[in-house]
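All values reported here derive from a predicted model rather than from experimental measurement. Every chain is numbered from 1, with letters handed out A, B, ... down the list of sequences.
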Amino acid sequence: MKNAVFIDVPDDFNFRSTVYSHGWCELAPFSLDEDSWQLSYVFRSKDGTAIPAVISEDSGQVRVDLSAPGFDREQIEKETRHLLRLDDDLAGFYALLDGHERLEWVRDRRAGRLLRSPTVWEDLVKTICTTNCSWALTRIMVSNLVTKLGHLGAFPTPEALAGMSEEFYRNEIRGGYRSPYFIELAERVVSGDLDPESWLTSDLPTPELKKAMKKVKGVGDYAAENLLKLVGRYEGLALDSWLRSQFYKNHNAEKKCSDKKIERHYHRFGQWRGLVIWCDMTEKWIVSGPS
DNA sequence: GCGTCCAGGTCTACC
DNA sequence: GGTAGACCTGGACGC
């Protein structure tokens with residue numbers, strides 16, 4: 001118990017819906033034990049030490065068990081609140097769903113909090129790993145990054161990525177054409193030219209922030225809009241091949257249609273439309289998991 | 001076993 | 001601003 005941190009949660013929070021919100025729970029250093037319903041993650045202390053943690057529900061609170069003493073309790077609570085989106089206010093989102101029978105389950109299951117990493121840096125690298133490949137390859141790339149460049153299971157730092165060659169990313173990480181992108185991104189962050197963490201609190205209008213994100217090589221419309229969701233902005237739909245196919249199946253008699261038609265369908269949901277389409281297409285995931 | 005296609009897209013050159 | 005073609009990889013699929 002001495003190495004456990006207990007965190008209060010808002011009334012409209014649901015641990016399982018958040019963990020299952022998208023595939024992030026399957027990407028290292030996350031791992032999920034669905035039998036005991038424990039989400040593992042390896043935090044990183046300010047001095048770089050890896051801090052393995054197990055996150056679970058306990059009597060209406062979130063419980064974080066740390067395997068070793070000497071961690072910064074305040075940091076663990078702050079980062080856990082961040083990755084579970086405990087401070088996000090979804091009242092406006094839920095209110096918007098009133099009267100939409102198809103989406104009633106979202107509020108019932110308290111869905112809508114998208115699991116994220118403690119840093120935007122980590123979410124940015126992972127998002128690039130999701131582009132133009134199967135989910136299986138995404139898992140391989142992220143696992144290789146953590147295993148071969150991370151310290152004791154923690155996600156690697158920009159410094160760790162910046163020091164490696166393109167051949168290393170191609171041969172060891174299996175990053176393919178993304179390999180030079182990883183190096184350029186890491187070098188920009190290390191040099192101070194780019195600060196992904198600033199996107200969390202940016203005053204820029206969303207279209208401008210999206211433009212800034214797209215200046216990162218490997219980040220296009222889908223990746224930028226996915227990252228925007230992870231920093232709390234949901235104006236973009238983040239359409240990818242999977243989301244499109246689900247829309248065709250659920251709203252268009254299994255026939256392909258233009259992205260503009262999809263955009264028109266969700267336009268009524270205003271600033272929350274990106275979260276609405278995600279929930280609309282992922283009910284089965286939230287209920288039974290993304291795999 | 002082998003070839004093809006495509007997946008949680010993006011970049012560049014060209015018009 | 002819009003579009004065609006190239007780009008790594010791994011797994012599914014058809015033959």
Side-chain angles (χ1 to χ4, degrees), chain A residues 19-28 30 32 111 114-117 120 122-148 161 164-188 194 196 207 210-231 234 236-251 254 256-260 262-263 266 273-286 288-291:
Chain A
V19 171
Y20 269 166
S21 56
H22 61 142
W24 253 220
C25 64
E26 297 180 348
L27 296 182
F30 282 113
L32 177 63
L114 303 181
L115 184 69
R116 61 186 172 184
S117 309
V120 181
E122 185 175 328
D123 283 336
L124 172 54
V125 174
K126 285 177 173 175
T127 297
I128 292 173
C129 291
T130 68
T131 57
N132 194 30
C133 65
S134 62
W135 183 246
L137 182 55
T138 297
R139 294 179 70 170
I140 289 169
M141 284 189 276
V142 174
S143 174
N144 285 337
L145 285 169
V146 171
T147 304
K148 301 183 181 190
L161 262 71
M164 306 308 291
S165 67
E166 185 173 327
E167 287 67 33
F168 171 82
Y169 287 101
R170 287 183 183 275
N171 300 330
E172 302 292 328
I173 304 299
R174 314 305 293 166
Y177 70 89
R178 303 167 196 79
S179 299
Y181 301 167
F182 292 135
I183 298 170
E184 183 180 312
L185 167 60
E187 287 179 345
R188 285 185 64 194
L194 177 71
K210 181 179 170 184
K211 271 187 196 171
M213 290 174 166
K214 286 179 68 174
K215 285 182 181 168
V216 175
K217 282 273 183 62
V219 175
D221 284 326
Y222 150 75
E225 291 179 2
N226 187 59
L227 284 162
L228 284 167
K229 291 181 183 180
L230 295 178
V231 299
Y234 304 100
L237 300 185
L239 292 176
D240 55 26
S241 56
W242 185 85
L243 212 49
R244 289 187 182 94
S245 69
Q246 293 302 306
F247 181 87
Y248 305 152
K249 196 182 296 181
N250 289 299
H251 291 295
E254 307 218 17
K256 285 189 177 180
C257 64
S258 67
D259 288 354
K260 285 189 175 168
I262 303 176
E263 284 160 11
Y266 291 100
R273 56 189 179 270
L275 190 54
V276 173
I277 186 176
W278 186 253
C279 290
D280 192 18
M281 296 299 111
T282 57
E283 181 179 3
K284 286 182 184 171
W285 283 15
I286 306 299
S288 57
S291 296

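- Partners of K217(A) by side-chain contact (heavy atoms from CB on, under 4.5 Å), not counting sequence neighbours, listed by chain and number: Y181(A), E184(A).
- Nucleotide dG8(B) holds its P atom 15 Å from the CD1 atom of I262(A), rounded to whole Å.
- Nucleotides dA13(B) and dC8(C) are separated by 15 Å at their P atoms, to the nearest Å.
- Atom CG in L114(A) sits about 18 Å away from atom P in dG8(B), given to the nearest Å.
- Whole-Å rounding puts the R139(A) CZ to dG11(C) P distance at 11 Å.
- Atom pair M141(A):CE and dA7(B):C1' shows a separation of 11 Å (rounding to whole Å applied).
- Taking atom P in both dA4(C) and dG8(B), one finds a spacing of 24 Å when rounded to whole Å.
- Listed nucleotides dG9(B), dG8(B), dT9(C) differ in distance to N132(A); the shortest reach to its side chain belongs to dG9(B).
- Applying the salt bridge (charged side-chain N to carboxylate O under 4.0 Å, His left out) rule to R273(A) yields no partners; only residues at least two apart in sequence or on another chain are considered.
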Where protein sits on nucleotides 10-15 of chain B, one letter per nucleotide: B base, S sugar-phosphate only, - none, heavy atoms under 4.0 Å = SSS---
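- In this structure, CE in M164(A) is found 8.0 Å from CD1 in I173(A), a value given to the nearest 0.5 Å.
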So what's the dot-bracket for DNA chain C: Watson-Crick or G-U pairs under 3.5 Å, [ ] if a pair crosses, | if it pairs off-strand?
-> |||||||.|||||||
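- Atoms CD (E167(A)) and P (dT9(C)) sit 12 Å apart, rounded to a whole Å.
- Among residues two or more places apart in sequence or in another chain, the side-chain contact (heavy atoms from CB on, under 4.5 Å) test is passed with N250(A) by R102(A), Q246(A), M281(A).
- For D240(A) and dC6(B), the CG to P distance is 16 Å, given to the nearest whole Å.
- Separating the OH atom of Y248(A) from the P atom of dG8(B) is a distance of 14 Å, rounded to the nearest angstrom.
- Just one residue in the list L230(A), V142(A), V19(A), L114(A) forms a side chain to side chain contact (heavy atoms under 4.5 Å, CB included) with W24(A), and that residue is L230(A).
- Applying the salt bridge (charged side-chain N to carboxylate O under 4.0 Å, His left out) rule to K214(A) yields the partners D221(A); only residues at least two apart in sequence or on another chain are considered.
- Going from atom CG of L239(A) over to atom C1' of dG9(B) covers 12 Å, rounded to whole Å.
- Within the structure, every side-chain polar atom (N or O) of S134(A) is placed at least 4.0 Å from both OP1 and OP2 of dG8(B).
- For F30(A), the ring pair (Phe, Tyr, Trp, His ring centres under 6.0 Å) test picks out Y41(A), with sequence neighbours left out.
- Heavy-atom distances under 4.0 Å link DNA chain B to no residue of residues 168-176 of chain A.
- The main-chain N or O of G176(A) is found under 3.5 Å from a side-chain atom of S179(A) such that the two form a donor-acceptor pair.
- The backbone N or O of I262(A) sits nowhere less than 3.5 Å from a side-chain atom of R244(A) that would complete a donor-acceptor pair.
- Scored by the side-chain contact (heavy atoms from CB on, under 4.5 Å) test, E283(A) finds W105(A), V287(A) as partners (sequence neighbours excluded).
- For residues 166-176 of chain A, the side chain to side chain donor-acceptor pair (under 3.5 Å) pairs, not counting sequence neighbours, are K148(A)-E172(A), E166(A)-R170(A).
- Expressed to the nearest 0.5 Å, how far NZ of K229(A) lies from CD1 of I277(A) amounts to 6.5 Å.
- Listed by chain and number, the residues in a side-chain contact (heavy atoms from CB on, under 4.5 Å) with S134(A) are A136(A), L137(A) (sequence neighbours excluded).
- Proximity of a side-chain donor or acceptor of W278(A) to a complementary backbone N or O of S21(A) within less than 3.5 Å is detected.
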Return the polar atom pairs (N/O with N/O) between nucleotides 1-6 of chain C and the protein under 3.5 Å, or none.
none

